[in-house]
Amino acid sequence: QLADEGVTRQDLGREKFIERTAEFVEKTGGTILRQLRAMGASADWSRTAYTLTPELSAAVREAFVRLYEDGLIYRGHRVIHWCPRCLTSLSDEEAEHAEEDGKLYHISYPVEERAGEGPRRALTVATTRPETMLGDVAVAVNPDDDRYRDLVGRFVLLPIAGTRIPIIADEYADPAFGTGVVKITPAHDANDFEVGKRHGLPMPVIMTPEGTMGEVTDASGRVPVELREVDRFEARKRIVAMLEAQGRLVKVEPHRHSVRHCYRCDTVVEPRLSDQWFVRMKPLADPALVAFREGRVRLLPERWEAVYVNWLEGIRDWNISRQLWWGHRVPVFYCDACGWKDALREDPARCPQCRGVVRQDDDVLDTWFSSWLWPISTLGWPDEQSRDLRTFFPGDFLATAPEILFFWVARMIMSGLHFMGDVPFHTVYLHGTARDMQHRKMSKSLGNGIDPLAIVQLYGADALRWTIVAGLGMGADAMFDHNDIEKTFAPGRNFATKLWNISRFLLSSLGEGEPLPSGELSPARLTRADHWILARLDAAIAECDAALGPPRPEGSGRWEPSRRALGLRLNEYAESARRFVWNELADWYLEAAKPRLSGGDADDREVARSVLVHAFDAALRLLHPIMPFITETLWQRIPAPRDADFLARAQWPLRGERHAANAAREFDLVREAIVAVRQVRSDYKIAPGTRMAASVRPASPSARAAFDGERGLVGWLARADLTAAAEGTDATAVAPVLLSDGSELLVPLAGLIDVAKECARVRGELAGLEKQLAALEARLANEGFVSRAPANVVEAERQKLSDWKARREQLVARVRSLCGA
RNA sequence: GGGCGAAUAGCUCAGCUGGUUAGAGCGCCAGUCUUACACACUGGAAGUCGGGGGUUCGAGUCCCUCUUCGCCCACCA
C-alpha cells in the first residue's frame, strides 16, 4: 500500500509506519480466520491469539532475556544474508536457494615484482561475482599446492582497486577447482570471512546496505570514484569491461550455480559483514534430537524424520535480529555514557550504572522468534502455574506444511523442551502442498492459485474438503488445474448431493401419521437385506477405524512403537465411507427396501425404516469429520438417536454385531443373481421393460432358501421371475451363469442367442481361464510354494483352483453344446 | 554436490507389514426420465504397474541401475 502511495517506511518514520501496519493487520487479519471457518475448521474461536498482544509480547521478551542470561543469545560479528531491498538481515532459512545460469570470470592478479626476478607472473582467480573483488584482502592457495608454494607470503596487486594484498596459504583453497587460487573477500562471503579471521585480515565492506558500490567501513580508496553508488549488478558489468580493457580478464565461462534470494521479495541476497543477534542452537537442538530418538515426537509421513534429524544435526546459529520496524523489539538497552548494556524484562528509566540516558536496540526479532513459543505463550507461559498451560500442555498433534518444518516445527519442539521440559506435541503430520499442473506452488505472483472461498461458493465446503481428504494419499501434494476446477470438485459436490437425496428418500419414506422408527432392531424380524446392510456397515466402520488408526493408549504420553498403527490414511477412510453410503446403502439396500417401505404391512415398514435410519445415521457419523456441514444438517432432520445436541458432538459409530453372517451371505448370493440377470439383459439387448424368466439350481439348502425367500427381490431389482430349474434345457436357448457358491442360474433366451457369436465369446472366456488355471496349477505344483508359503495363502489358492475348475467344466460343457463337435 | 519424492487405465490418483484375475473418481462405449437423485441409474471396454537387472515359492510392492519430472538441503570460489 505504501509503495502504491510512493512512500517508503523511512519516509514515514518508525512510529507512523507501525501505526499504518497495525491498521493494515486490523483490517486484513480476519481473512484467514474467515477462510478457516468457511472451510469448516472446528476450533475454539474464542481462543484465537496474536503474537503482538501484550501477553504474548511479554512471553517473547521473557524468552529472549532468559536465553540471554543463559548465554544462549549473543551478539555476533559475521557475514550474514542481507536483503538490499528490505534492508535487513535474514536467517539462513529465509535466504532461499535458486539455481541460476551465471558466469565464472577468470581474472588475472599480477604478482608484485621483486627486484632481479625473471618474467612477470600473475595469479588467475575465478569468481562468479567480480564486483566483490574490490573487497579482496588476499588470494589464497592450498598449502600443499606445489604450483604456488614459492609465492606464499608475497603479494598481488588488485586490479582496478590498486591495492596490494598478500598471497596466503589456506586449506580452504581447493587445488582441483579452477586454477587453485581463490580470492578472499571476508566482508562479502561467509567462507572468506572464516579465512579472513584465521589470518587476521582486514574486512572492508565495499557495498552500501542498498547494494550499491561504496566504502562503508573505511576510506581506503578501493572503490574508484566512477563506481561509487553504482548498483552491484551494473558494477559487475563495468568492472568486467574495465578488466577486459586492462587485459586482466582471462576468460569467461558459463557457470550454473545457486544463488540465494530473499524469501519475501526475491531480491538476490548479499552476504554482508555485520553485527547481529544470534541464538546458540546446539544446546537447543540436542534435546530435540533426543526427544525424537526416544519416540516422544514423531513425524508423518516418516520420510520427513530424516530431514528433521539432518537439519538438527547440522544446525547453525540462528540470526534473530532484523533491521525492520514491525515486530518485537530486541529488549537490550545501552548506555552510551558508560558503556553499560543488558537485556531486561522491563524498560529501564535510566542507566542502572551511571544513571545516564539509555536507548533500546533498534532491531526487531525474527517473526519466528515469537512463533516458536506459540504452544506455550498462548497458554499463559511464562506463568507455569497457569491453568491453561497445566491443562493443555503438552499438546498432541500438529498438522502443518513441510515448508515450515525448520522455521516453525523444529523450533517449537526446541522451545517446548527448553522452556517447559517437554515436547509441545507428539505427532506432526506434514500434509502436502497445493500446486498447479506444472507442480509449481500456488502463489499470488504466478496467478495459479485457487481461492478456497470461491470453491466453497461454487461447490460447497464439504466438496472442497472431500476432494482434499479423499483424493490424496498421506502427505501427497495436490495438483489443481485452475482452468478446470469442475472436474476436480464436482465429485465431492455430487457425493454431497447423493447424501441429500438419500435423506430425502428416507424422510419421505417415513410417511405421514406413521410412528417414527423406534431405533430398536429386533433380529427376529430382519430380512436378509437388513442383515446384509448391517454387516456392510460393520465392515465399513472397521475399515474406517483401521484407516484412522487406533487411538493412543489411555494416559500414555507416546504412541505405540508400531508407527504403522498410527493410521492417518484419510483417503482410505473416506473411500470406505463413500463406498458404504453410495454403493451399498444407496445402490442396494435402499433399492431393495423400496417395496417394503411403500407396500408391505406395518411391521415390514417399521423394520425397514429402522434399519434405514440406523444405517444412514451411522453413515453421517462416519462422514461428519470430512463433510461436517451437510452431515450436520441432515442429521438434524432425520429421526436419529439423539445422543448429543449436535452431530459434531455425537458418538463415533460402534460396530453392532447385530447381523447374522449367514443371512448376509445369502443376500450377497441373491445380489449376484440379480447382477447376472442384468448382464444377460444388457448382453442380449433385452428391453429394460421386458419381464424375464430365470431358473436356479441352488448349490445348498441355504442357497435354495435364499432364492425361494428373495424371489420378490429378484423380480423387483432384476425384473425377472425366478422359477424352478427345468432339466435338459437346450444350450442354444439358455445363458447359464455360475454363482460363487456353485449355484447355477439359467436364463432362457430362446431365439435370442446368436449361436456363433456366443460360441466365440465362451471360447474366448475359456481360453482366458485356461491360462489363469495353468498358472495356478503350476504354482500349486511348485514344491517351494506349497512348503514355504503361509498355510492360509496355499489354502486360498487351492480353493481358487477348485472354483476355477468348476467354472472350466461349465464352460467346456457350454462350448460342447453350443459350438457343436 | 547430497538427500527425498513421483513415474500404475485416456486424465487425476489409491494401492499399509511382498500373497485373490491390480482399484477408485472423472472421461469413454451401450442402454435407461425405473415414483431420492440425469450432480443419477444399469451394463461394458480399457493397464506388458517408466526401462533393464536382481532377491524370492511368489514383486506394482524389496534391492541395484538407467531415464524423465519435481521438491528439499548445501560454504566448490
Side-chain angles (χ1 to χ4, degrees), chain A residues 79 97 104 125-129 140 172-174 176-178 181-185 189-194 255 257-258 271 301 303-304 306-307 310-311 314 402-403 405-406 433 435 437-441 467 470-481 484 486-488 490-498 500-509 546-547 562 564 567 569 571-572 575 578-579 586-587 590-591 594 598 675 678-683 685 687-689 716-717 719 768-769 771-772 775-776 779 782-790 792-794 796-797 799-800 804:
Chain A
V79 172
H97 288 280
L104 193 59
V125 301
T127 181
T128 52
R129 308 181 57 223
Y172 169 64
D174 175 4
F177 187 90
V181 185
V182 59
K183 65 196 258 320
I184 303 297
T185 322
D189 183 287
N191 292 307
D192 293 5
F193 172 76
E194 294 300 324
H255 185 69
H257 61 143
S258 87
R303 59 189 148 88
W304 290 108
V307 178
N310 188 46
W311 186 75
E403 62 205 66
L405 176 59
F406 305 143
T433 304
R435 298 178 186 280
M437 298 318 278
Q438 283 88 253
H439 296 205
R440 297 176 305 183
K441 243 183 243 180
T467 299
L472 297 169
M474 191 198 292
D477 285 348
M479 315 310 167
F480 291 112
D481 188 345
D484 196 358
E486 172 70 12
K487 77 176 176 209
T488 307
R493 175 205 57 197
N494 294 352
F495 185 39
T497 306
K498 192 72 182 179
W500 181 262
N501 283 312
I502 293 170
S503 88
R504 277 181 53 195
F505 175 81
L506 183 152
L507 291 171
S508 73
S509 76
S562 166
R564 301 191 186 286
R569 297 188 303 274
N571 54 330
E572 292 179 25
E575 176 53 26
R578 191 204 67 85
R579 202 198 51 239
D587 289 348
L590 197 144
E591 293 298 330
K594 275 179 182 173
S598 60
V675 170
R678 286 172 178 170
Q679 265 168 8
V680 170
R681 183 191 294 278
S682 178
D683 285 352
K685 313 242 182 285
W716 164 244
L717 293 175
R719 288 164 201 274
L769 183 67
K771 224 170 129 185
Q772 299 286 352
L776 183 58
R779 198 177 314 159
N782 184 329
E783 177 63 27
F785 175 72
V786 179
S787 61
R788 308 180 97 158
N792 61 327
V793 172
V794 176
E797 298 291 277
Q799 180 59 48
K800 201 159 70 184
W804 288 5

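Heavy-atom distances to RNA chain B give each of A:W716 and A:E572 a nearest nucleotide, and the one nearer the 5′ end belongs to A:E572. Mapping A:P790 and A:L104 onto RNA chain B by nearest heavy atom places A:P790 closer to the 5' end of the strand.
Whole-Å rounding puts the A:K183 NZ to B:C75 C1' distance at 14 Å. One can place CG of A:L507 at 19 Å from P of B:U35, the figure rounded to the nearest angstrom. Rounded to whole Å, the distance from CZ on A:R303 to P on B:C4 is 11 Å. One can place CZ of A:R681 at 15 Å from C1' of B:A30, the figure rounded to the nearest angstrom. Rounded to an integer number of Å, the gap from NZ of A:K771 to P of B:U21 is 14 Å. In this entry the distance linking NE2 of A:H257 with P of B:C76 reads 12 Å, nearest Å. Whole-Å rounding puts the A:E486 CD to B:C26 P distance at 12 Å. A:M479 places its CE atom 22 Å from the P atom of B:G25, with the value rounded to the nearest Å.
A:W716 is listed as a side-chain neighbour of A:K594, based on a closest heavy-atom distance under 4.5 Å. Counting only heavy atoms from C-beta outward, the side chains of A:L717 and A:R678 approach each other to under 4.5 Å. Side-chain atoms of A:R129 and A:P271, non-hydrogen and from C-beta on, do get closer than 4.5 Å to each other.
A gap of 41 Å separates the C1' atoms of B:G70 and B:A30, to the nearest Å. B:G58 sits 30 Å from B:A14 when the P atoms are compared, rounded to a whole Å. Comparing the C1' positions of B:A9 and B:G60 gives an interatomic distance of 14 Å, to the nearest angstrom. If you take atom P in B:C75 and the same atom in B:U68, they sit 27 Å apart, rounded to whole Å. Rounded to whole Å, the separation between the C1' atoms of B:G52 and B:G10 comes to 27 Å. Distance check on atom P: B:C29 versus B:A46 gives 16 Å, rounded to whole Å. Atom P of B:C28 sits at a distance of 33 Å from the matching atom of B:U20, rounded to the whole Å. Going from the C1' atom of B:G25 to that of B:G15 covers 15 Å, rounded to whole Å.
A:A796 comes within contact range of no nucleotide atom at all, as no heavy-atom separation falls under 4.0 Å. Residue-level contact check: A:G473 touches the backbone only, with heavy atoms under 4.0 Å from sugar-phosphate atoms and none from bases. Counting any heavy atom pair closer than 4.0 Å across all strands shown, A:D174 reaches a base atom. Residue A:P402 is classed as having no contact, given no heavy-atom separation below 4.0 Å to the nucleic acid. A:A476 comes within 4.0 angstrom of sugar-phosphate atoms only, judged by non-hydrogen atoms across all strands, and of no base.
Here A:E194 contributes atom CD and A:I184 contributes atom CD1; the two are 11.5 Å apart, rounded to the nearest 0.5 Å. Put simply, CH2 on A:W304 and CG on A:L405 are 7.0 Å apart, with the number rounded to the nearest 0.5 Å. We find the NZ-CG distance between A:K441 and A:D477 to be 9.5 Å, quoted to the nearest 0.5 Å.
Ring pair A:W311/A:F406 is parallel by interplanar angle, where below 30° counts as parallel and above 60° as perpendicular.
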Provide a list of protein-nucleic acid N or O atom pairs under 3.5 angstrom, restricted to nucleotides 22-24 of chain B.
none

Atom pairs under 3.5 Å, N or O on each side, protein against nucleotides 36-46 of chain B: can you list them with distances?
unit_1	atom_1	unit_2	atom_2	d
B:A36	OP1	A:K594	NZ	3.1
B:A36	O2'	A:N501	OD1	3.1
B:A36	N7	A:K594	NZ	3.4
B:A36	N6	A:A586	O	3.3
B:A36	N6	A:E591	OE2	3.0
B:A36	N3	A:N501	O	3.4
B:C37	O4'	A:N501	OD1	3.3
B:C37	O4'	A:N501	ND2	3.3
B:C37	O2'	A:N501	ND2	3.2
B:C37	O2	A:K498	NZ	2.9
B:C37	N3	A:K498	NZ	3.0
B:C39	O4'	A:N494	OD1	3.2
B:C39	O2	A:R493	NE	3.1
B:C39	O2	A:N494	OD1	3.1
B:C39	O2	A:T497	OG1	2.8
B:A40	OP1	A:N494	ND2	3.3
B:A40	O3'	A:K498	NZ	3.1
B:C41	OP1	A:K498	NZ	3.0
B:C41	OP1	A:W582	NE1	2.4
B:C41	OP1	A:D587	OD1	3.4
B:G43	O2'	A:S682	OG	3.1
B:G44	OP1	A:Q679	NE2	2.6

Close N/O contacts between protein and nucleotides 70-74 of chain B (under 3.5 Å):
unit_1	atom_1	unit_2	atom_2	d
B:A74	N7	A:H97	NE2	3.4
B:A74	N6	A:S258	OG	3.2

Dot-bracket summary - RNA chain B, pairs being Watson-Crick or G-U whose distances fall under 3.5 Å, with | when paired to another strand: (((((((..((((.....[...)))).(((((.......))))).....(((((..]....))))))))))))....
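More than 12 heavy-atom neighbours from other residues, nucleotides or ligands sit within 6.0 angstrom of CH2 on A:W804.
With B:C26, B:G19, B:A77 as the choices, the nucleotide that has an atom nearest any side-chain atom of A:K487 turns out to be B:C26. The side chain of A:K800 sits closest to B:U20 out of B:C75, B:A77, B:U20.
Checking side-chain atoms of A:R435 against main-chain N and O of A:F480 turns up no donor-acceptor pair under 3.5 Å. In terms of modelled atom types and a separation under 3.5 Å, the side chain of A:N571 and the main chain of A:G471 share no donor-acceptor contact.
A:R493 is linked by a salt bridge (charged side-chain N to carboxylate O under 4.0 Å, His left out) to A:E486, counting only residues two or more places apart in sequence or in another chain. For A:R719, the salt bridge (charged side-chain N to carboxylate O under 4.0 Å, His left out) criterion is met by no residue, not counting sequence neighbours.
Within the structure, every side-chain polar atom (N or O) of A:K685 is placed at least 4.0 Å from both OP1 and OP2 of B:A30.
Donor-acceptor pairing under 3.5 Å is recorded for the side chains of A:N501 and A:R504.
Between A:T488 and A:T467, the shortest heavy-atom contact is O-OG1, 3.4 Å. Nearest heavy-atom pair across A:R681 and A:A687 is NH1-O, 2.9 Å.
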Could you go step by step and tell me if A:F785 and A:V793 meet the side-chain contact (heavy atoms from CB on, under 4.5 Å) rule? CA-CA 10 Å; A:F785 175 72; A:V793 172; 4.0 Å; yes
